K.L.:
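Below are the structure tokens for one structure; questions will follow.
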There are 2 protein chains.
Amino acid sequence: MKTASDAEFHRSPGPWPGDLAPAPLEGTAPSPESSGPFRSVGFTLSSIGHAVSRRFREILAPLELEPREFALLRGVSAAEGQTQHAIGGRLQIPPSRMVAFVDALEARGLLERRLNPEDRRTRALHLTDAGRDLLDRAFSVALAYERDLTADLGADEREQLLDLLHRVGARLSLRPGVHAATADSALADE
Amino acid sequence: MKTASDAEFHRSPGPWPGDLAPAPLEGTAPSPESSGPFRSVGFTLSSIGHAVSRRFREILAPLELEPREFALLRGVSAAEGQTQHAIGGRLQIPPSRMVAFVDALEARGLLERRLNPEDRRTRALHLTDAGRDLLDRAFSVALAYERDLTADLGADEREQLLDLLHRVGARLSLRPGVHAATADSALADE
DNA sequence: TATTGTTATACTCTATAACTATA
DNA sequence: TATAGTTATAGAGTATAACAATA
């Protein structure tokens, strides 16, 4: 049993260990269109997803913003004035982690905690003008990145890709255990 | 400047911070520019890649094998008898990390270090029978997972997906800096 | 002097749980 | 008694550098 959410703000599950072809390490460079006869969708998805995240982190770096900080600014922007608890809950950030994130962004003047006279335990989060400004810039960076990523795709291909991805993604949201693809079944025949 | 490789055995770049639609947290999206169903390829790739990795870790867990350990076993299997240094180099595992990984797998009797009389600094890595056995089982689990992931796709759709993914992936292997999509450009117009 | 493998150290990240102040 | 936010603590993971043995 997993304890709780293992969603966005939690530790990454780590990389995929390589393609399924038995001996890909010899010979030529790991070029994307290498001569492998079998290419795993799982491997490809995992490594491209990894690369997409890494690159996004890189292009966001000049704004001195981590992806998760971007996400938090977005979360505040989308629910301005809500409590730290509520916003953290939506992003599945544990309370104790929220403190550090908000501290850092508040210290940079990007958002602020406001006291609520009606419930003096809570802190309402608001973006500052600087925060809104930076969030706008981060958005435009993210949009440029998105355009760049899909620059070689026609509009129809882009839709096709998203459709196929969602169909694969739908397989993943099924609960584990009802699948044949667990190592338990491999253990069974030992 | 990055120090060196940030490939498979290094810390994950972390999750994508959410889709690009400005206000996705409320009930229905009152998004002004991207009316409704704008879905970012970057977001989708990142989150599905994440989910694929996480699930793979889960289905491998009954074998008491982490994805990276699976990768290392594969690496040894593909280059049996080569030095720890050489195999680690191919998988881009820093030397000091190799020690711990090999220690753990050797302690479980899955691989062994053999001394090389011709160069007594080096350790040649070999799989044991148990290691080969476990690797086989891990492979069959990975193949079942792959089949499950793509169960809703026809053979042609599968090829199409891989093709589209590789075309997006090709955008990522370009060096950063030559892109328009860096936050530097957003900084420029402040 | 360079290289292979090892060990040691320091640092980051984060999960957990105590703690406070309110309610 | 329960909740919002904070602080403290401990543990995992890992990058870096020092190190020993060998070339």
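Predicted, not measured: the structure shown is a model, and the values here were computed from it. Each chain gets a letter, A, B and so on, in the order its sequence line appears, and its residues count up from 1.
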K.L.:
What is the distance from CD of B:Gln82 to P of C:dG5, rounded to the nearest Å?
P.N.:
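In whole Å, C:dG5 P and B:Gln82 CD are 11 Å from each other.
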K.L.:
Taking for each residue the nucleotide of DNA chain C with the nearest heavy atom, is it A:Glu66 or A:Asp119 whose nucleotide lies nearer the 5' end?
P.N.:
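Final value for this comparison: A:Glu66.
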K.L.:
Output yes when at least one side-chain N/O atom of A:Arg121 is less than 4.0 Å from OP1 or OP2 of C:dA23, else no.
P.N.:
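No.
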K.L.:
Given that B:Glu118 and A:His85 both sit by DNA chain D, which one's nearest nucleotide is further toward the 5' end?
P.N.:
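Nearest nucleotide further toward 5': that of A:His85.
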K.L.:
Send over the distance from A:Glu106 CD to D:dG5 P, rounded to a whole Å.
P.N.:
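Distance check: A:Glu106 CD to D:dG5 P gives 12 Å.
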K.L.:
What is the separation between atom CG on B:Asn116 and atom P on C:dT4, rounded to the nearest whole Å?
P.N.:
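One finds 12 Å between P of C:dT4 and CG of B:Asn116, rounded.
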K.L.:
Rounded to the nearest Å, what distance is computed from the CD atom of residue B:Gln84 to the P atom of nucleotide D:dA21?
P.N.:
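These atoms are roughly 17 Å apart.
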K.L.:
If I take atom CD1 in residue A:Ile93 and atom P in nucleotide D:dG5, what distance separates them, rounded to the nearest angstrom?
P.N.:
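Distance check: A:Ile93 CD1 to D:dG5 P gives 12 Å.
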K.L.:
Looking at B:Arg113, is its backbone amide N or carbonyl O close enough to the side chain of B:Glu106 to form a donor-acceptor pair, meaning the two atoms are under 3.5 Å apart?
P.N.:
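Yes; judged by distance alone, with no hydrogens or angles, the pair exists.
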K.L.:
Taking the side chain of A:Arg120 as its heavy atoms from C-beta onward, which of D:dA23, C:dA23, C:dG5 lies nearest to it?
P.N.:
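Among D:dA23, C:dA23, C:dG5, the one nearest the side chain of A:Arg120 is C:dA23.
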K.L.:
Do the side chains of B:Leu125 and B:Glu80 get nearer than 4.5 Å, heavy atoms only?
P.N.:
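B:Glu80 does not reach B:Leu125 side chain to side chain.
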K.L.:
I need the CZ-C1' distance between A:Arg68 and C:dT14, as an integer number of Å.
P.N.:
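Distance check: A:Arg68 CZ to C:dT14 C1' gives 9 Å.
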K.L.:
Using the closest heavy atom to pick a nucleotide of DNA chain C for each, name whichever of A:Pro117 or B:Asp103 lands nearer the 5' end.
P.N.:
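First, find each residue's nearest nucleotide; the 5'-ward one identifies B:Asp103.
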K.L.:
With side chains defined as the heavy atoms from C-beta onward, is the minimum distance between B:Arg108 and B:Glu69 less than 4.5 Å?
P.N.:
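Contact flag for B:Arg108/B:Glu69 side chains = yes.
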K.L.:
Send over the distance from B:Arg113 CZ to C:dT4 P, rounded to a whole Å.
P.N.:
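B:Arg113 atom CZ is separated from C:dT4 atom P by 16 Å.
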K.L.:
Starting from P on D:dT22, measure out to CG on B:Leu115 and report it in whole angstrom.
P.N.:
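It is 10 Å, rounded to the nearest whole Å.
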K.L.:
Looking at the base of D:dT22, is there any donor atom on it, or on the side chain of B:Thr122, that sits under 3.5 Å from an acceptor on the other one?
P.N.:
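Check fails, no donor-acceptor contact within cut-off.
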K.L.:
Side-chain N or O of A:Arg97 versus OP1/OP2 of C:dT14: is the shortest distance under 4.0 Å?
P.N.:
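So the side chain of A:Arg97 is within the cut-off, an N or O lying under 4.0 Å from OP1 or OP2 of C:dT14.
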K.L.:
If you check the B:Ser96 side chain, which of D:dG5, C:dT7, C:dT22 turns out closest?
P.N.:
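Minimum distance to the B:Ser96 side chain belongs to C:dT7.
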K.L.:
Give me the atom names and distance for the closest heavy-atom approach of A:Arg158 to A:Leu153.
P.N.:
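For A:Arg158 versus A:Leu153, the nearest heavy atoms are CA-CD2, 4.2 Å.
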K.L.:
What's the closest nucleotide to the B:Val99 side chain, out of C:dT7, D:dT3, D:dG5?
P.N.:
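The answer is C:dT7, which lies nearest to the side chain.
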K.L.:
Which of parallel (below 30°), tilted (30 to 60°) and perpendicular (above 60°) describes B:Phe56 and B:Phe70?
P.N.:
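Tilted.
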